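The basis for the numbers below is simple: all heavy atoms, side chains too, and nothing from hydrogens, waters or symmetry mates. Proteins get letters first, then strands, A, B, ... in listed order; numbering begins at 1 in each. Quantities reported herein were computed from a predicted structural model and do not represent experimental measurements.
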Number of protein chains: 2
Amino acid sequence: MLEFTHIGDLSSDEVDRIRDVYQPLAESVRDLVDATIRTEVDADEVAAVKAEIDALTAQLRARQIDGAFGVRYTTAGDRMAWGNPVVGIRNPIAPPLVIERDASGAAFTDFVMGAPYEGPPGFVHGGMSALVLDHVLGEAASDGVIPRFTGTITLRYLRTTQLGRLHAQAHVDRTEGVKTYVVGHLADKDGITVEAEGVFITPKWARDQN
Amino acid sequence: MLEFTHIGDLSSDEVDRIRDVYQPLAESVRDLVDATIRTEVDADEVAAVKAEIDALTAQLRARQIDGAFGVRYTTAGDRMAWGNPVVGIRNPIAPPLVIERDASGAAFTDFVMGAPYEGPPGFVHGGMSALVLDHVLGEAASDGVIPRFTGTITLRYLRTTQLGRLHAQAHVDRTEGVKTYVVGHLADKDGITVEAEGVFITPKWARDQN
């Protein structure tokens with residue numbers, strides 16, 4: 001039995017085991033999302049597929065957590081934002097991004113955005129670029145111990161971003177008291193498309209720990 | 001047979017008929033996305049559901065458009081952004097928002113965000129607020145004839161946004177040449193949470209039509 005409500009009690013091995021159960025499900029639903037947008041099969045078949053999906057959803061809901069997923073921690077203290085719409089491995093909305101860090105602490109990520117993220121025909125929705133950059137700048141602002149939350153963020157769109165393979169990165173420019181200034185950008189295969197700068201705030205409860 | 005590749009040739013009645021086919025499918029997948037994040041059923045059952053989803057996806061992909069959905073127009077000239085990740089009725093990632101306009105031309109929308117949009121536990125991901133505001137400001141900037149694209153957008157986070165019923169609105173502050181200045185905000189049940197201002201640009205191809 002998988003007790004997600006008590007996942008904070010699980011060891012890293014157990015977390016790995018649970019990841020292996022749920023991650024493939026989210027990957028399959030992610031693929032279904034894409035097919036739902038692009039399918040041209042006819043009305044009867046769509047109705048039949050819809051009915052089967054409703055039955056599967058009911059099956060999954062037979063036992064589920066109340067409300068949203070939240071953020072869980074393992075006994076080792078690892079942060080499990082599995083429901084997150086940017087990085088969450090259990091969230092079919094998330095591409096999902098895998099955030100990496102270089103030696104200087106800068107955050108970067110390489111990922112793919114297809115049909116579900118389209119705004120202008122063939123291009124990434126401008127707000128999706130904002131979603132990604134907000135998240136990547138936030139990761140760069142946080143040192144892995146103390147979370148920091150977006151105060152303000154400004155996005156400058158140099159040109160439209162082509163759907164396909166994308167890259168985002170961000171690094172801390174400077175820190176002044178509770179404010180951390182972060183800059184970053186999004187790039188498609190032809191270069192930088194959106195520049196971002198943000199001010200991130202250390203939450204009150206974490207300030208004494210600094 | 002439904003020919004989405006030729007949907008520009010369809011009358012409003014035919015578009016309504018096609019909407020009635022595909023919109024319920026996207027609604028069901030949207031519900032499945034939520035269940036995928038929240039389910040606690042055990043490993044065997046998850047694996048069985050996953051296998052069935054893969055089969056349904058293959059069924060939908062038996063006939064599908066190449067690439068992303070794009071934006072289609074009806075014979076009546078109505079814009080059908082059905083694949084859009086904010087307003088697309090065929091995109092399970094979209095809540096979807098329904099944008100309304102008041103007499104002054106301001107854009108507003110009331111919608112709900114649950115588990116798939118969560119960042120901090122119980123709250124909307126800050127980047128999701130950015131996604132919504134980018135879109136709503138863009139709608140306010142466009143007069144329904146000439147589209148305008150985001151040049152820059154600045155978001156100021158006053159506090160975290162609670163998951164649940166939300167409201168967003170935006171209006172044109174002023175227009176100077178090709179630049180349209182728009183302001184707006186996002187609110188949860190307790191009031192305004194994020195303020196936004198953006199500069200939207202009339203694309204070159206549309207400037208002569210002004």
Name all residues meeting the salt bridge (Lys or Arg N to Asp or Glu O under 4.0 Å) criterion together with A:Asp110; count only those two or more places apart in sequence or in a different chain, and write none if there are none. none
Could you check which of B:Asp66, B:Asn84, B:Asp44, B:Val86 has the highest count of heavy-atom pairs closer than 4.5 Å to chain A? B:Asn84
Is there a side-chain contact between [X] and [Y], using heavy atoms and a 4.5 Å cut-off?
X       : Y       : result
B:Ile53 : A:Ile53 : no
B:Tyr22 : A:Thr39 : yes
A:Arg61 : B:Asp34 : yes

Ignoring hydrogens, what is the shortest heavy-atom contact between [X] and [Y]? Give both atom names and the distance.
X        : Y        : answer
B:Val33  : A:Pro92  : CG1-CD, 3.9 Å
A:Val41  : B:Gln59  : CG1-O, 3.5 Å
B:Pro116 : A:Ile93  : CB-CD1, 3.5 Å
A:Ala68  : B:Leu163 : CB-CD1, 3.8 Å

Under 3.5 Å, is there a donor-acceptor pair between the side chain of B:Arg38 and the main chain of A:Ile65? yes
A:Gln169 atom CD, over 12 foreign heavy atoms within 6.0 Å: yes
Evaluate the criterion side chain to side chain contact (heavy atoms under 4.5 Å, CB included) for residue pair B:Glu40 and A:Arg63; output intermediate values, then yes/no. CA-CA 5 Å; B:Glu40 291 190 295; A:Arg63 203 169 76 238; 4.1 Å; yes
So if I take each residue of [range] and look for any heavy atom under 4.5 Å from a heavy atom in chain B, which residues do I end up with?
range                       : answer
residues 151-161 of chain A : A:Gly151, A:Thr152, A:Ile153, A:Thr154, A:Leu155, A:Arg156, A:Tyr157
residues 117-136 of chain A : A:Tyr117, A:Glu118, A:Gly119, A:Pro120, A:Pro121, A:His125, A:Gly126, A:Gly127, A:Met128, A:Ala130, A:Leu131, A:Asp134, A:His135
residues 23-32 of chain A   : A:Pro24, A:Leu25, A:Ala26, A:Ser28, A:Val29, A:Asp31, A:Leu32

Top contributor to chain B contacts, counting heavy-atom pairs under 4.5 Å, from A:Ile89, A:Asp20, A:Thr150, A:Ile201: A:Thr150
A:Gly114, A:Ala94, A:Gly67: which one forms the most heavy-atom pairs within less than 4.5 Å of chain B? A:Gly67
Which value, rounded to the nearest 0.5 Å, describes the distance between A:Thr36 atom OG1 and B:Leu56 atom CG? 9.5 Å
